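Right, one structure below, let's go through it.
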Amino acid sequence: MSIIYLPVPRKITSITVEEAILLRRSIREFKKVPIKLEHLSMILWTAYGITNPVKGFRASPSAGATYPLELYVVVGESAVHILEGNYLEAGVYRYIPHIHGLFIKKKGDVRKNLMVAALHQKWVEEAPISIVICAIYERTTRYYGERGRSRYVPIDVGHVGQNIYLMSTALGYGTVAIGAFRDSEVATVIGVESNETPIYIMPIGIPKTTISISFDDIKLYLDRARQ
Ligand SMILES: Cc1cc2nc3c(=O)[nH]c(=O)nc-3n(C[C@H](O)[C@H](O)[C@H](O)COP(=O)(O)O)c2cc1C
């Protein structure tokens, strides 16, 4: 079994939470530039990494701490930069929170197939990587029954998705939460078992255009709206 240990999480940005929220936008046009491994590490850790080593709690809240989600990273060719001229091998990787590592599940660049499964949304193929969030419903329904399926798991996914949005933004990347795709086709493309249901695809890359919005713009908007 070949495991890639990700760089250990650390304080890496100087942007505040409110600035990241202000600047967050769904991004669908990406530069053909790789993402750094250290940045991928931070995005995965803020999504679902361990933040309480004693109890094993994670960066995102989860109903009853059941943690029903599995995160997969679809990596394109020369898409994740490790060190001088070295890149992560193209493929599909499973994120393993307890060791903060990646396990290669499938070799090769499957971004095109993922784009087709996502109803030809071309940003899925153009982004260097996508994170696919899958749910194993039984982990939550075992305790909460149908409410676990219809409410808790989708809420859990929303938390993870927002953390991916915000950390990506803070690091200068962009992403978009994609819910429109054929579930079974995505599952086949990334090679997951039948008890895992893909919920979100989140392509991540450097935005082609920068977002320019300030708190002054919001003030101006509110001043006008309140007249
Ligand atoms: C549940 C959900 C599903 C979405 N599915 C898609 C999608 O399939 N394709 C896409 O381009 N954007 C998708 N989006 C992104 C929305 O279009 C986007 O959030 C919305 O236009 C608001 O823009 P903003 O995220 O920049 O604030 C989805 C968002 C959510 C929350």
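Just so you know, these numbers come straight off a predicted model, no measurement behind them. When a ligand or atom number is given, it counts from 1 through the structure's own listing order.
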Which residue owns the protein heavy atom closest to atom 5 (N) of ligand 1, what's the atom, and how far is it? Gly179 N, 3.0 Å
Going by heavy-atom distance to atom 9 (N) of ligand 1, choose the closest among Gln121, Met202, Arg25. Gln121
Going by heavy-atom distance to atom 21 (O) of ligand 1, choose the closest among Arg24, Lys122, Arg28. Arg28
Pick, from Ala177, Ser26, Ala118, the option with the minimum heavy-atom distance to atom 28 (C) of ligand 1. Ala177
Indicate yes or no: does an N/O atom of Ile178 lie under 3.5 Å from an N/O atom of ligand 1? no
Quick one: do Arg182 and Leu119 satisfy side-chain contact (heavy atoms from CB on, under 4.5 Å)? Show the steps, please. CA-CA 7 Å; Arg182 287 183 286 271; Leu119 316 180; 3.3 Å; yes
I'd like to check which ligand 1 atoms, numbered from 1 as shown, lie under 4.0 Å from a non-hydrogen atom of Trp123. 11 (O)
Distance under 4.0 Å to a non-hydrogen atom of Ala180: what atoms of ligand 1 satisfy this? 8 (O)
Among Val160, Ile129, Thr175, find the one that has a side-chain contact (heavy atoms from CB on, under 4.5 Å) with Met202. Thr175
Is there a side-chain contact between Lys106 and Tyr72, using heavy atoms and a 4.5 Å cut-off? no
Strictly distance-based, threshold 3.5 Å: is any side-chain N or O of Arg24 a donor or acceptor partner for the main-chain N or O of Ser168? no
Protein contact of atom 31 (C) of ligand 1 - nearest heavy atom, named by residue and atom, plus distance: Tyr200 OH, 3.3 Å
Between Thr46 and Asn163, is there a side-chain donor-acceptor contact under 3.5 Å, judged purely by atom types and distance? no
Polar atom proximity, Val176 to ligand 1 (N or O, under 3.5 Å): no
Does ligand 1 have any atom that is closer than 4.0 Å to a heavy atom of Phe181? no
We want to know whether Tyr152 and Thr141 form a side-chain donor-acceptor pair, criterion being a heavy-atom distance below 3.5 angstrom. no
Connected via hydrophobic side-chain network under 4.5 Å: Ile155 and Val157: no
